[in-house]
Amino acid sequence: MLDIKFFRENIDMIRARLATKKFDVDFDAILACDARRRALVGEFEAARSAQNAANKEMAAMKKGSPEFLAKVGEMKALSAKTKELEKQVAEVEEEWRRLYLTVPNIPDESVPVGKNENDNVVAGTWGDPAQLVSPNAVAHWELPWFEKAIDFKRGVKVTGAGFPFYVGDMARLLRALIQFCLDEAHAAGYEEVMAPIMVNPASATATGQLPDKEGQMYYAPQDDFYMIPTAEVPVTNFFRDEIIDERDLPIRRCAYTPCFRREAGSWGANVRGLNRLHQFDKVELVKWVHPQHSFEELETLKDDAARLLQKLGLPYRVLLICSGDIGFPHAKQYDLEVFAGGQKRWLEVSSCSCFTDFQARRAGIRYRPKDGGKAETVHTLNGSGLGLPRVLAAILENNVQPDGTVRVPEALRKYYGKDVIGDAY
């Protein structure tokens with residue numbers, strides 16, 4: 001969330017900047033609630049102060065004296081008033097927090113203003129599709145052995161649409177991709193963690209999934225747990241309500257997890273095959289950094305994800321996401337898209353984002369300065385390194401050989417153990 005003092009003092013600027021985002025904010029209701037909250041807190045503190053003063057006066061009086069008995073009556077009235085004000089403060093605090101959690105993060109000044117994905121800006125490219133895509137490229141679901149390697153029909157039988165089985169060599173290739181991404185992250189300075197794949201509402205609120213993406217997450221009501229849509233959620237919350245030593249910053253972590261998204265309304269040619277699943281595998285990169293270095297760290301985060309695609313030989317482009325397409329908690333966001341030669345379209349495989357202090361303020365993650373001063377809020381970042389189904393789709397499409405098998409990128413062969421996939425089906 002935004003710093004409330006900053007919000008009050010810069011409301012016109014915040015209104016203008018958030019008007020370029022796709023989220024509706026009832027500023028008038030928030031400001032009115034904040035004013036009511038501050039007034040009630042003032043009344044409550046005054047009543048409690050008066051109650052404390054009366055207590056001290058009573059302590060100096062003779063018990064049973066007329067003055068003492070009069071003060072007892074006054075104390076009862078003060079106590080009742082204080083309790084009622086305390087109740088009102090708790091109610092208005094809850095209402096204020098509910099309203100204030102609907103305020104998105106402010107887009108950084110470097111974010112282009114736009115309405116939707118059509119206004120995103122190409123910030124870089126790598127690789128020539130004409131050279132890196134096989135002339136035999138087909139959409140991955142058109143490979144003659146695809147349904148044996150990735151069994152969607154049996155996934156539907158066992159669970160439902162969007163929950164496929166990976167069989168034989170395809171399971172091994174997916175595992176090879178996971179290990180490749182983790183090893184590369186380790187080499188880049190990220191410490192690996194194995195994270196929970198279910199989180200409580202406080203964790204989902206801290207990272208901005210709540211109250212924004214309830215409809216996209218799978219929910220277990222009996223336990224009040226959410227299946228994670230990305231490892232960003234549990235990993236970022238690792239330090240929730242903690243103070244980090246400034247000397248330890250930046251902290252870089254990576255995690256592999258399966259991820260779960262309902263993706264309501266997913267249908268059509270653009271979501272066939274591996275393009276969009278309800279359960280998918282991803283390696284996530286997460287950073288906690290000093291506020292002075294957060295946007296610099298975003299550039300290195302983007303480069304860490306891009307380097308994976310280069311080693312896999314996949315042509316890609318980098319999009320700087322415009323204000324109308326940027327996410328709720330994001331201050332700045334890059335998306336990396338690979339070119340899938342069979343579909344002749346770009347597929348997003350990584351989203352690298354800086355959240356400034358927005359998530360950390362919700363999560364209560366601070367750092368203690370080296371000089372021992374007051375604890376300050378850290379900045380958080382995360383990025384996909386990588387989202388694997390679409391990476392796998394691009395590998396399959398871009399490397400089709402004349403006999404219908406697929407050449408496995410050299411970077412994966414030591415993990416996978418073979419040069420091709422498709423020959424065993």
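Computed from a predicted model, the values in this text were never measured in an experiment.
Remark: side-chain polar atoms of S323 are paired, donor with acceptor, to backbone N or O of T20 under 3.5 angstrom. With hydrogens and angles disregarded, a donor-acceptor distance shorter than 3.5 Å links the side chain of N398 to the backbone of F339. Put simply, the side chain of R390 never gets that close to the backbone of V349: no donor and acceptor are under 3.5 Å apart. Proximity of a side-chain donor or acceptor of K21 to a complementary backbone N or O of G327 within less than 3.5 Å is detected. Using a distance-only test at 3.5 Å, with no hydrogens or angles considered, a donor-acceptor pair links the side chain of S350 to the main chain of S384. Side-chain atoms of N10 do not come within 3.5 Å of backbone N or O of M13 as any donor-acceptor pair. When atom types are taken as modelled, the side chain of Q343 and the backbone of A139 share no donor-acceptor pair closer than 3.5 angstrom. Judged by distance alone, the side chain of H140 and the main-chain N or O of G273 form no donor-acceptor pair under 3.5 Å. Using a distance-only test at 3.5 Å, with no hydrogens or angles considered, no donor-acceptor pair links the side chain of D34 to the main chain of I30.
Aromatic ring orientation, H293 versus H290: tilted (interplanar angle from 30° to 60°). Ring planes of H278 and F163: tilted class, angle from 30 to 60°.
Screening R307, Q179, K311 against E184 for a side-chain hydrogen bond (donor to acceptor under 3.5 Å, both in side chains) leaves a single residue, K311.
Checked against side chain to side chain donor-acceptor pair (under 3.5 Å), E45 has no partners two or more places apart in sequence or in another chain. The salt bridge (Lys or Arg N to Asp or Glu O under 4.0 Å) test applied to R48 returns no partner, not counting sequence neighbours.
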Handout entry: Derivation and outcome, side-chain contact (heavy atoms from CB on, under 4.5 Å), residues D325 and Q333
Key = CA-CA 9 Å; D325 195 33; Q333 176 182 346; over 6 Å; no
Exercise for the section: For the pair E214 and Y226, evaluate side-chain hydrogen bond (donor to acceptor under 3.5 Å, both in side chains) and give the outcome as yes or no after the intermediate values. Expected result: CA-CA 9 Å; E214 296 93 332; Y226 289 90; over 6 Å; no
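Put simply, the side chain of R261 reaches to within 4.5 Å of the side chain of F280, judged on heavy atoms. By the 4.5 Å heavy-atom criterion applied to side chains, W141 and F152 are not counted as neighbours. Here the side chains of I365 and Q359 are not in contact, with every heavy-atom distance at 4.5 Å or above.
Taking the charged nitrogens against the carboxylate oxygens, D281 and R175 have no contact shorter than 4.0 Å, which rules out a salt bridge. Here D119 does not pair with K115 in a salt bridge; the nearest charged N to carboxylate O distance is not below 4.0 Å. Between K83 and E86, none of the side-chain N atoms (NZ, or NE/NH1/NH2) sits under 4.0 Å from a carboxylate O, so this pair counts as no salt bridge.
In the model, T356 has a side-chain atom that pairs as donor or acceptor with a side-chain atom of N105 under 3.5 Å. Using modelled atom types and a 3.5 Å distance limit, the side chains of N200 and S203 yield a donor-acceptor pair. With hydrogens and angles left out, the side-chain atoms of E192 and Y256 include no donor and acceptor closer than 3.5 Å. For the residue pair Q88 / E43, no side-chain donor-acceptor distance below 3.5 Å is found, with atom types taken as modelled.
Annotation: salt bridge (Lys or Arg N to Asp or Glu O under 4.0 Å) contacts involving residues 246-257, sequence neighbours excluded, comprise E191-R253, D245-R247, R252-E297.
Nearest approach of F295 to A331, heavy atoms of both residues: CZ-CB, 4.5 Å.
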